Visitor: 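First the structure, which I've put down as structure tokens, then a few questions once you've had a look.
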Number of protein chains: 2
Amino acid sequence: MVPTKVKNADTSALIERDGKPLGKAGAKPRPLTRIQREKQNVILEAALEVFAVHGFRGSTIDQIAEVAGMSKPNLLYYFPRKEEIHRRLISELLVTWLAPLREMDAKGDPFPEIRSYIRRKLEMARDYPRESRLFANEMLQGAPHIIEMIEIDLKNLVDEKAGILLGWMDEGKLARTDPYHLIFSIWATTQHYADFDVQVRAVLGPSRGGEGRFEDAARYLEQLFLYGLTPRAKS
Amino acid sequence: MVPTKVKNADTSALIERDGKPLGKAGAKPRPLTRIQREKQNVILEAALEVFAVHGFRGSTIDQIAEVAGMSKPNLLYYFPRKEEIHRRLISELLVTWLAPLREMDAKGDPFPEIRSYIRRKLEMARDYPRESRLFANEMLQGAPHIIEMIEIDLKNLVDEKAGILLGWMDEGKLARTDPYHLIFSIWATTQHYADFDVQVRAVLGPSRGGEGRFEDAARYLEQLFLYGLTPRAKS
DNA sequence: AAGAATTTTGACCAGTTGGAAAAATGTTAG
DNA sequence: CTAACATTTTTCCAACTGGTCAAAATTCTT
């Protein structure tokens with residue numbers, strides 16, 4: 001039978017050409033079939049698993065295909081190149097990743113806001129460790145795939161939130177300090193529990209390294225950010 | 001000319017067999033030549049550069065050889081397998097990496113001790129970012145090569161230092177809190193400046209992302225760990 | 001300067017990797 | 001049911017990978 005060169009699938013190639021999204025200009029994008037949607041998700045899920053551990057270069061299509069439970073050529077039918085899978089994961093990631101910070105609200109009071117920001121970030125480290133590691137891997141490599149997004153979207157967001165923090169400081173509701181490094185320290189301390197999970201578990205040992213470690217971390221961080229380590233009079 | 005099967009070089013194979021060090025039992029280990037010492041260092045340096053960015057699997061011998069300025073077979077003459085290079089880097093790393101924590105002294109006072117521990121860690125992030133990233137890469141992958149060292153040596157060290165911190169808390173010189181998570185938070189906040197350097201620079205922008213960022217970080221962290229973010233009366 | 005040892009090179013190899021092509025099999029709208 | 005399309009499998013390939021080997025070049029040692 002004549003090959004009938006696939007016309008659907010490879011949706012990423014339809015939605016974006018040359019790496020740039022093209023609105024609805026492309027020839028009738030024809031909606032995704034049920035199977036396409038399902039399989040793409042299976043693949044992205046598997047790829048997240050693999051990329052998070054081995055990074056882009058260290059991961060192979062075969063590995064991803066195996067985790068996804070399909071053959072390599074079959075996988076390549078949905079995502080014609082390895083980079084495409086990675087790109088998709090990374091761009092979806094950034095949106096999710098910044099969501100907690102977006103929620104920080106100037107109209108609230110600093111401590112409840114900061115406190116719940118830390119909680120949310122810690123929950124993400126607990127519930128989405130693979131995403132955290134994927135992000136960390138990308139950073140370690142110098143963020144080759146998302147450097148512009150970091151320099152523009154992320155920077156703008158942080159600038160905005162730093163402004164809010166400064167406002168609170170001006171009102172005397174928050175200690176005067178560097179708002180950027182403040183945000184960094186929240187990122188660092190929370191993501192640590194996802195990225196360095198092995199180390200955390202190993203050091204805490206079997207007795208304290210179980211599920212409770214996130215609650216312990218939340219309690220500790222809350223105190224750290226509120227009062228630091230200076231001893232206070234007993235209440 | 002008859003090949004005269006290399007007798008020297010491949011020192012790692014002489015010093016350790018089957019991955020385990022064997023004292024001086026091996027047949028006369030014959031001291032390293034000048035060239036051997038030099039080239040091995042060049043290779044380790046190059047490998048650090050490459051492994052730190054791409055992880056073990058994502059790095060190739062060719063890449064390392066190129067950075068080291070030699071041919072692949074030549075490199076393999078000094079380190080007969082890729083794993084050998086990595087092993088050497090990782091085991092040297094752990095010693096260096098734990099040194100700052102080792103210095104924390106029970107006989108000192110908590111704040112000077114913690115303060116200078118933070119300083120030292122921050123200096124390491126600044127001066128040895130590749131080591132930090134190599135370590136981070138290893139952690140992200142679940143520490144396959146150093147898990148026992150983490151579970152034993154690192155755990156013991158942290159247990160000991162957590163004991164010191166608890167002692168200070170008992171004396172009322174330090175806020176009562178979780179000493180393990182306290183140590184984690186110092187690791188996280190300081191290593192962040194090496195591992196997420198791209199992000200830090202991008203967010204701070206050209207004006208504040210220069211060399212001064214480590215000084216700013218040091219000042220911020222000092223305040224965070226001392227007082228937290230609660231505003232204090234002006235002095 | 002000669003001989004022995006060490007270091008470097010170039011050619012090569014088997015296994016892996018990302019990916020192409022085509023054929024075979026499913027699915028579904030009319 | 002069947003044509004048109006969607007999906008999957010099989011086969012294949014060129015480039016890359018970690019690593020070998022013998023010869024050539026260089027560096028000691030005496």
Side-chain angles (χ1 to χ4, degrees), chain A residues 1-14 27-43 46-47 50-51 54-88, chain B residues 1-14 27-43 46-47 50-51 54-88:
Chain A
M1 186 178 284
V2 184
T4 65
K5 192 67 176 159
V6 175
K7 282 172 192 137
N8 212 333
D10 179 8
T11 54
S12 37
L14 287 176
K28 48 191 148 70
R30 205 178 289 192
L32 294 184
T33 69
R34 172 185 52 87
I35 296 181
Q36 282 170 350
R37 249 176 296 115
E38 287 172 7
K39 291 290 169 90
Q40 286 195 2
N41 286 339
V42 171
I43 292 169
V50 178
F51 282 140
H54 298 290
F56 182 75
R57 286 225 40 191
S59 305
T60 72
I61 300 185
D62 276 306
Q63 271 179 98
I64 299 172
E66 176 161 1
V67 175
M70 63 180 75
S71 67
K72 177 171 64 171
N74 196 186
L75 182 151
L76 284 167
Y77 170 72
Y78 292 101
F79 290 91
R81 27 214 79 237
K82 188 185 172 187
E83 269 213 336
E84 217 62 56
I85 313 176
H86 193 253
R87 192 203 308 282
R88 272 278 288 272
Chain B
M1 187 181 283
V2 184
T4 63
K5 192 67 176 158
V6 175
K7 277 169 194 145
N8 212 335
D10 179 12
T11 53
S12 35
L14 287 175
K28 48 188 152 55
R30 204 179 293 191
L32 294 184
T33 68
R34 172 187 54 89
I35 296 182
Q36 282 169 352
R37 252 178 295 115
E38 286 172 6
K39 292 290 167 95
Q40 285 193 4
N41 285 339
V42 171
I43 292 169
V50 177
F51 283 141
H54 298 290
F56 182 75
R57 285 224 38 190
S59 304
T60 72
I61 300 184
D62 276 306
Q63 271 179 95
I64 299 172
E66 174 162 2
V67 175
M70 63 181 73
S71 68
K72 179 170 63 170
N74 196 185
L75 182 152
L76 285 165
Y77 169 74
Y78 293 100
F79 290 91
R81 25 216 80 232
K82 188 184 170 188
E83 269 213 334
E84 217 61 58
I85 311 175
H86 193 253
R87 192 201 311 280
R88 272 277 289 273

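Chain letters run A, B, ... following the sequence lines, proteins first, then strands; residues in each count from 1. Just so we're clear, the structure is a prediction, and the values are computed from it rather than from any experiment.
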Visitor: Of the candidate nucleotides D/dG18, C/dA20, C/dT8, which contains the atom at the shortest distance from the side chain of B/Lys39?
Guide: C/dT8
Visitor: First locate atom CD1 of A/Ile43, then atom CG of A/Asn74, and finally report the distance between them rounded to the nearest 0.5 Å.
Guide: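 Separation between the atoms: 7.0 Å.
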Visitor: What is the separation between atom NZ on B/Lys82 and atom C1' on C/dT16, rounded to the nearest whole Å?
Guide: 12 Å
Visitor: My understanding is that only residues two or more places apart in sequence, or in another chain, count here; which of them pass side-chain contact (heavy atoms from CB on, under 4.5 Å) with A/Arg81?
Guide: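 So A/Arg81 forms a side-chain contact (heavy atoms from CB on, under 4.5 Å) with A/Glu84.
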Visitor: Under the salt bridge (Lys or Arg N to Asp or Glu O under 4.0 Å) definition, can you give me all pairs with a residue in residues 55-68 of chain A, not counting sequence neighbours?
Guide: A/Asp62-A/Lys72
Visitor: What class does the angle between the rings of A/Phe56 and A/Phe51 fall in, given that below 30° is parallel, 30 to 60° is tilted and above 60° is perpendicular?
Guide: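 Judged by the thresholds at 30° and 60°, the geometry between A/Phe56 and A/Phe51 is parallel.
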Visitor: When rounded to the nearest 0.5 angstrom, what is the spacing between OH in B/Tyr77 and NZ in B/Lys39?
Guide: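 It is 10.5 Å, given to the nearest 0.5 Å.
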Visitor: Could you give the CD-to-C1' distance, from A/Glu38 to C/dT27, as a whole number of Å?
Guide: 14 Å
Visitor: For A/Glu38, give me all partners under side-chain contact (heavy atoms from CB on, under 4.5 Å), at least two apart in sequence or on another chain.
Guide: A/Arg34
Visitor: Once rounded to the nearest 0.5 Å, what's the spacing between atom CD1 of A/Ile85 and atom CD of A/Glu83?
Guide: 10.5 Å
Visitor: Rounding to an integer number of Å, can you tell me how far A/Asp62 CG sits from D/dC13 P?
Guide: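 It is 18 Å, rounded to the nearest whole Å.
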Visitor: Return the value, rounded to whole Å, for the distance between atom CZ of B/Phe51 and atom C1' of D/dG18.
Guide: 12 Å
Visitor: Rounded to whole Å, how long is the line connecting atom CD of A/Gln63 with atom P of C/dT16?
Guide: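 Distance check: A/Gln63 CD to C/dT16 P gives 13 Å.
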Visitor: In whole angstrom, what separates B/His86's NE2 from D/dG18's P?
Guide: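 Atom-to-atom, B/His86 to D/dG18, this comes out as 13 Å.
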Visitor: Under 4.0 Å: is that the gap between some side-chain N or O of B/Arg57 and OP1 or OP2 of C/dT17?
Guide: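 True: B/Arg57 side-chain N/O within range (under 4.0 Å) of C/dT17 OP1/OP2.
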Visitor: Specify the residues of residues 65-76 of chain B, ordered by number, for which at least one heavy atom lies under 4.0 angstrom from an atom of DNA chain D.
Guide: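 By residue number: B/Lys72, B/Pro73, B/Leu76.
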Visitor: Is any side-chain N or O of B/Arg81 closer than 4.0 Å to OP1 or OP2 of D/dG18?
Guide: no
Visitor: Which whole-number value in Å describes the distance from A/Ile61 CD1 to D/dC16 C1'?
Guide: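 Between C1' of D/dC16 and CD1 of A/Ile61: 14 Å.
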Visitor: List in chain and number order the residues that pass ring pair (Phe, Tyr, Trp, His ring centres under 6.0 Å) with A/His54, two or more places apart in sequence or in another chain; answer none if no residue qualifies.
Guide: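 Counting only residues at least two positions away or on another chain, A/His54 forms no ring pair (Phe, Tyr, Trp, His ring centres under 6.0 Å).
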Visitor: Among C/dT7, D/dT17, D/dG18, find the nucleotide with the atom closest to the side chain of B/Tyr78.
Guide: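 Nearest listed nucleotide: C/dT7.
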Visitor: Are the side chains of A/Arg88 and A/Phe79 in touch, meaning some heavy atoms are under 4.5 Å apart?
Guide: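 Of all side-chain heavy-atom pairs linking A/Phe79 with A/Arg88, at least one is under 4.5 Å.
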Visitor: Please list, for nucleotides 27-29 of chain D, all pairs of protein and nucleotide N/O atoms separated by less than 3.5 Å.
Guide:
| residue | atom | partner | partner atom | Å |
| --- | --- | --- | --- | --- |
| D/dC28 | OP2 | B/Arg34 | NH2 | 3.3 |

Visitor: If the cut-off is 4.0 Å, is A/Tyr77 near the phosphate of D/dT7, judged by side-chain N/O to OP1 or OP2?
Guide: yes
Visitor: Indicate whether OP1 or OP2 belonging to C/dT6 is found under 4.0 Å from a side-chain N or O atom of B/Gln36.
Guide: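 No.
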